[in-house]
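Working notes for the structure below.
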Amino acid sequence: MSATQPVDESVRVRVPAKINLSLAVGPARPDGYHDLATVFQAVSLHDELTATWAPPGEVVVKTVGPYADRVADDEDNLACRAARLLMDRHGDGGAWGAHLLVDKGIPVAGGMAGGSADAAGALLACAALWDLDLSPADLRELGAELGADVPFPLLGGTAVGTNRGDELVPVLGRGCFHWVLALSDEGLSTPEVFARFDELDTDPDAPRVPDELLAALGTGEATELAGCLHNDLTAAACDLRPDLARTLELGTRYGALASLLSGSGPTVAFLTAGESQAMDLAHTLRGELGTDAVRRVRGPVSGAKLLQVLR
Ligand code: C5P
């Protein structure tokens, strides 16, 4: 492909959010990260990203959708950084450019890897737009340079994450789980939650993924899974945001099988027995929390996917 391609060439991709079914956190490392042992699940809440051919060297991003006012469309935007990284590593002497349009459906700073999803989407969309011969593993490797949570949305499904959460092994599970999400108007800063974790737990165990969780995923039974959900960051997030303890408690009160903080929060995920139970719970929670704050999703869903290529 050359830099003289018509400007209306574009690629549209869809990228899922994630929740962590289990998140075990080890001690802080010298590089500022923590060793994790986590199980990610991709859920049916998505960002869509369209990359359109632009003059050489030009990478700009525009975010639209309900969360657009909380995202800075500047050089530091993760989608922009992802496109630039791809260009620097595989670009033909800066012959390419891209305009990125991000339609955000994933909450910002919600513990669902929304920013990471946009980086993942930009990598996939620009690789297709620029016709790069890169494998999914190549894209995930580049993604890990941008953030610990970037590789997972490229893979999707359910996967164990170790090291910083960026070394992934897919989990073979069965069934489809129905979740209700309680979103928050105000985000939580991931580094702040990890820092509070360090203050609250000065000698954490080496992180591991519980065998029972993997066995429960093998059964495909929500009732089995419910007993194995766990997030080591819960106490830290609730310490920073005391209202979260009440939200977590609402699930049990209104019939969820389990309540779980998603990643570093503040999104809370409620596991339900099935679709109709999820509908009932969502209805009740909407009354408690407000209409915009509650979403029904299912998981696992596939990772970042090409929806349309216009040439
Ligand atoms: O990699 P990413 O930029 O998404 O991580 C954001 C922050 O979350 C890190 O700077 C670090 O403070 C914290 N973090 C961590 N250990 C991890 C992942 C993230 O401490 N494994």
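Start at 1 and go down the list; that is how both ligands and their atoms are numbered. FYI, the numbering just counts along the sequence from 1.
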_Heavy atoms only: which of A195, G32, G115 lies closest to atom 11 (C) of ligand 1?_
G32
*Just checking, is any N or O donor in the side chain of D103 or H46 under 3.5 Å from an acceptor N or O on the other one?*
no
*Can you list the ligand 1 atoms lying under 4.0 Å from a non-hydrogen atom of G147?*
1 (O)
*E224 and C228, any side-chain heavy atoms less than 4.5 Å apart*: no
_Exactly one of H283, E249, E288 should register a side-chain hydrogen bond (donor to acceptor under 3.5 Å, both in side chains) with Y254. Which one does?_
E288
*Where do W179 and G299 come nearest, in terms of heavy atoms and distance?*
CD1-N, 4.1 Å
*asked:* Among all the protein's non-hydrogen atoms, which is closest to atom 8 (O) of ligand 1, and how far away is it?
replied: T190 CG2, 3.2 Å
_A quick test of your reading: do over 12 heavy atoms of other residues, nucleotides or ligands sit less than 6.0 Å from CG of D31?_
yes
*Taking NZ, NE, NH1 and NH2 as the nitrogens, is one of them in E48 or K104 under 4.0 Å from a carboxylate oxygen of the other?*
no
*asked:* Considering H34, E192, E145 one by one, which has a heavy atom nearer to atom 16 (N) of ligand 1 than any of the others?
replied: H34
_atom 7 (C) of ligand 1: the protein heavy-atom neighbour that sits closest, reported with distance to 0.1 Å_ = P191 CG, 3.9 Å
*Show the numbers, then the answer: is there a side-chain contact (heavy atoms from CB on, under 4.5 Å) between T219 and R174?*
CA-CA 6 Å; T219 69; R174 297 166 64 183; 5.9 Å; no
*Please state which protein non-hydrogen atom is closest to atom 4 (O) of ligand 1 and give its distance, to 0.1 Å?*
A148 N, 4.0 Å
*R164 neighbourhood, listing ligand 1 atoms whose heavy-atom distance to it stays under 4.0 Å*: 17 (C), 18 (C), 21 (N)
*Which heavy atom of the protein is the closest neighbour of atom 9 (C) of ligand 1, given with residue, atom name and distance?*
Y33 CE2, 4.0 Å
*Which is it for F194 and ligand 1 at heavy atoms under 4.0 Å: side chain, backbone, both or neither?*
side chain
